[in-house]
Amino acid sequence: MIKDDISALVGQAISSALAAGQLPELVTPEISVERPAKPEHGDYAISVAMKMARTARMSPLKIAEIIKANLAPTDYIAAVEIAAPGFINFRLNENWLKGQVQGILAQGDTYGNVALGQQSRVQVEFVSANPTGPITIGSARNACMGDTLASVLQAADYQVEREYYVNDAGNQVRAWNESMWIYYRDELGVPVTDDKGEPLALKLDEETGQPTEAREFKDVRYNARAYARELIAHEGNRFLDLPEDEARALVGKEGVKIVLEHNEEDLAQLGVLFDVWFHEQALYDTGQIDAILQMLRDGGHVAEREGAVWFVSSALGQDKDNVLIRSNGIPTYFVSDIAYHYNKFKTRGFEKVIDLWAADHQGHIPRMKAVMQALGFSPDDLIILVYQLVSVNGLRMSKRNKNFIPLREVMDITGPDPIRYNMIARSPEASLDFDVNLAIAQNDTNPVYYVQYSHARTASIFRRAEEAGITPEIDRADLSLLGHPSEMALIRHLLLFPETVLEVAKNCIDNGVAELQRLPFYTLELARAFNAFYRDCYVLDQANLPLSQARLALTQATRTVLARALTLMGMSAPERMDRGEQPA
RNA sequence: GCACCAGUAGCUCAGUGGAUAGAGCGUCUGCCUCCGGAGCAGAAGGUCACAGGUUCGAGUCCUGUCUGGUGUACCA
């Protein structure tokens with residue numbers, strides 16, 4: 001990584017200046033390497049001289065001169081320039097830059113892999129939407145972020161497992177069971193009424209607010225009644241013969257199974273595949289809930305009062321205690337979450353565990369961190385990433401209040417790629433008001449097509465090369481023939497890719513932030529650099545075949561990086577664009 | 001009330017304490033005899049919510065204020 005190399009180079013220069021007595025003994029500040037916005041400021045810049053000026057009691061320019069004089073020569077730096085008030089600017093050697101193209105070609109689709117994780121085991125748990133309805137656009141944001149993050153970490157040499165936590169044991173599931181049971185019987189013609197003879201579904205819906213029948217969608221399977229119908233289609237009326245309590249639980253459970261099948265299918269079409277689907281109920285069935293409670297009791301973290309069992313998080317610096325077991329004897333989801341995370345760290349031995357939550361779960365973070373501490377784990381090993389909520393027409397999207405857009409409805413129109421791209425194109429801190437009309441616009445208003453078009457264009461050039469009788473021999477291309485400013489700018493962009501991957505992964509693991517938006521932005525800029533090259537440097541020149549070969553090599557390198565970036569984002573890298581119906 | 005997130009171009013948003021704040025869309029003006037016009041060139045558009053502070057240097061860090069979102073449950 002050039003940045004690291006320069007940082008190390010400058011560090012050595014400062015050390016030798018200190019040893020030579022040219023600089024006073026002082027604490028060297030962190031040497032951060034920046035990319036100047038202006039080309040005349042070189043490729044990389046450091047501002048360490050200005051940071052040292054005060055303690056060194058020397059002018060920044062003088063310090064910069066001393067550092068520059070102590071820099072060891074390298075093959076990749078062509079010039080070092082000092083600029084007021086004390087910047088040291090580095091300009092890369094153009095021959096070295098040209099040579100890097102061969103390196104990209106040699107690495108192929110492993111270009112962008114960086115050494116960071118040393119194969120340590122990381123789990124990314126994401127989506128984990130309640131199995132009581134379809135994957136919404138809100139969950140899709142989670143899915144796209146989580147999957148892309150997992151891919152980035154894999155590229156950064158982590159051993160990553162993707163996991164979906166199925167909440168099949170909580171209160172919402174109880175309400176779901178009730179709904180399924182009602183609709184199941186209703187669909188089979190069994191009168192479902194309350195003691196006054198009123199239809200129960202209506203009463204539930206209007207008076208109790210319990211989820212019953214979701215809003216109608218084009219695809220009828222998006223509501224509990226539709227799930228009940230599907231269950232009947234598979235299983236018939238056999239549950240009516242069972243005792244009611246048993247039947248209610250079984251119908252609910254079978255309903256969950258149907259929901260999960262659909263959701264797994266939707267996510268798969270989005271390009272999101274999970275290694276593990278972990279069921280909350282399993283924590284109960286295998287005694288892990290009881291075990292964790294005992295552990296917390298033994299650790300002195302539990303108190304009983306007001307008929308409930310509490311986690312005494314206030315003793316660990318939290319604002320308040322949290323209920324583990326309600327006074328009615330039913331455990332909260334907090335308990336299963338504790339057992340679940342214990343299972344992740346202790347039973348399965350992940351070194352880092354990443355949870356990706358929507359902002360409405362933000363309040364859950366401090367107590368989970370406190371629990372980590374109580375159980376003897378490092379709170380820093382649990383990385384909880386939060387992204388802001390998705391709304392529709394300014395209204396919060398939620399399965400509970402039935403204001404939501406199913407992923408399926410949008411994906412059927414657009415395909416997965418525009419969703420993948422746009423869901424990670426804004427930072428997690430930015431809230432997202434989903435505009436359906438914009439999302440389904442398959443025209444040039446959508447930057448996703450600009451990027452894919454650029455990839456298709458690289459492929460197109462090779463098709464044309466064959467037609468023109470120019471056989472690509474990129475391995476033997478004379479890259480020293482490159483040199484046009486647009487060619488050099490493109491090469492520089494290509495070299496930023498591994499740095500981007502590294503920084504996204506590092507900031508996630510070290511700082512708990514998911515800067516996934518950097519991938520779409522990087523890709524857009526790369527596409528722009530390629531199009532400038534395409535404009536300025538005609539690739540297939542019969543009159544200058546050596547130059548054509550060099551430019552084909554650069555085109556192939558660009559194609560490689562565009563494809564890799566698109567793949568990391570879970571998108572396709574099309575060989576050609578289908579032009580579809582174009583709005584005038 | 002308290003806590004977290006946000007407030008940057010008409011709209012949607014980028015912007016590791018660095019040099020003259022950027023992109024997409026929208027608007028306006030040009031460009032199809034050449035590798036795909038889902039393209040390219042250019043223009044207009046800014047009190048970085050407001051007020052203080054720290055710093056050689058602040059959109060970025062600190063304090064306060066305003067506005068919006070979220071949380072503050074024996075919901076998840």
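Here is how names work: the chains are called A, B, and so on, in the same order as the sequence lines, proteins then strands, and each is numbered from 1. Fair warning: this is a prediction, and the values are worked out from it, not measured in the lab.
In this structure, Glu34(A) reaches the bases: a heavy-atom distance under 4.0 Å links it to at least one base atom across the strands shown. The residue Ala308(A) sits close to a base: some heavy atom pair falls under 4.0 Å. In this structure, Ser427(A) reaches the sugar-phosphate backbone alone: every heavy-atom distance under 4.0 Å involves primed, P, OP1 or OP2 atoms, never a base. In this structure, Asn511(A) reaches neither bases nor backbone, as no heavy-atom distance under 4.0 Å exists between it and the strands shown. Counting any heavy atom pair closer than 4.0 Å across all strands shown, Arg367(A) reaches a base atom. If you check every strand for non-hydrogen atoms under 4.0 Å, Leu524(A) touches sugar and phosphate atoms only. Residue Ser460(A) is in base contact, counting any heavy-atom pair closer than 4.0 Å across all strands shown. Across all strands shown, Glu467(A) has no heavy atoms under 4.0 Å from either base or sugar-phosphate atoms.
Taking atom P in both C4(B) and U63(B), the straight-line distance is 9 Å, to the nearest Å. To the nearest whole angstrom, the two P atoms, one in A49(B) and one in C11(B), are 14 Å apart. Rounded to the nearest Å, the gap between the C1' atom of U16(B) and that of A58(B) is 14 Å. Rounded to a whole angstrom, the distance from the P atom of G10(B) to that of A6(B) is 22 Å. Nucleotides G26(B) and G45(B) are separated by 11 Å at their C1' atoms, to the nearest Å. Rounded to whole Å, the P atom of C2(B) lies 46 Å from the corresponding atom of A44(B). When the C1' atom is used for both G15(B) and G7(B), the distance is 15 Å, rounded to whole Å. Straight-line distance between the P atoms of C25(B) and U20(B): roughly 28 Å, to the nearest whole Å.
Contact check, Arg426(A) against C13(B): a side-chain N or O comes under 4.0 Å of OP1 or OP2. Considering only side-chain N and O atoms, Arg528(A) lies nowhere under 4.0 angstrom from the phosphate OP1 or OP2 of C40(B). A close approach under 4.0 Å does occur between a side-chain nitrogen or oxygen of Tyr450(A) and OP1 or OP2 of C40(B). Dashed line: the shortest gap from a side-chain N or O of Arg463(A) to OP1 or OP2 of C35(B) is not under 4.0 Å. Taking only side-chain nitrogens and oxygens, Ser47(A) never comes nearer than 4.0 Å to OP1 or OP2 of G57(B). Contact between the side-chain N/O atoms of Asn531(A) and the OP1/OP2 oxygens of C40(B) is found at a separation under 4.0 Å. Residue Arg35(A) places no side-chain N or O under 4.0 Å from the OP1 or OP2 atom of G18(B).
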**Request:** Give RNA chain B the dot-bracket treatment, 5' to 3': Watson-Crick (N1-N3 with N6-O4 or O6-N4) or G-U (N1-O2, O6-N3) under 3.5 Å, [ ] crossing, | other strand.
**Result:** (((((((..((((....[...)))).(((((.......))))).....(((((..]....))))))))))))....
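When all heavy atoms of Val33(A) and Ile46(A) are compared, the closest pair comes out as CG2-CG2, 4.0 Å.
Each of Asn422(A), Thr414(A), Asp417(A) was evaluated against Asn446(A); a single residue qualifies, Asn422(A), per the side-chain contact (heavy atoms from CB on, under 4.5 Å) test.
By the 5.5 angstrom centroid cut-off and the 30-degree plane limit, Phe87(A) is classified as stacked against the base of A19(B).
Of the possible donor and acceptor atoms, one in the side chain of Ser313(A) sits under 3.5 Å from a partner among the backbone N and O of Lys320(A).
Note on ring orientation: taking the six-membered ring where Trp is involved, the planes of Tyr333(A) and His361(A) are perpendicular (angle over 60°, cut-offs 30° and 60°).
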Anything under 3.5 Å between a protein N or O and an N or O of nucleotides 70-72 of chain B, put it in a table, one pair a line.
from, atom 1, to, atom 2, distance (Å)
U70(B), O3', Arg396(A), NH1, 3.3
U70(B), O2', Ala359(A), O, 3.3
G71(B), OP1, Arg396(A), NH1, 2.8

**Asked** Given the rule in the side chain to side chain contact (heavy atoms under 4.5 Å, CB included) test, do Asn531(A) and Ser454(A) qualify, once you have shown the distances and angles that lead to the verdict?
**Response** CA-CA 7 Å; Asn531(A) 281 322; Ser454(A) 300; 3.3 Å; yes
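Between Leu566(A) and Ser572(A) the shortest side-chain heavy-atom distance does not fall below 4.5 Å. Side chains of Gln452(A) and Pro574(A) form a contact here, defined as non-hydrogen atoms less than 4.5 Å apart.
Between His341(A) and Tyr165(A), the distance separating the two ring centers is not shorter than 6.0 angstrom. A ring-centre distance under 6.0 Å is not found for Phe278(A) and Tyr164(A).
A salt bridge links Asp321(A) to Arg305(A): one of the charged nitrogens lies within less than 4.0 Å of a carboxylate oxygen.
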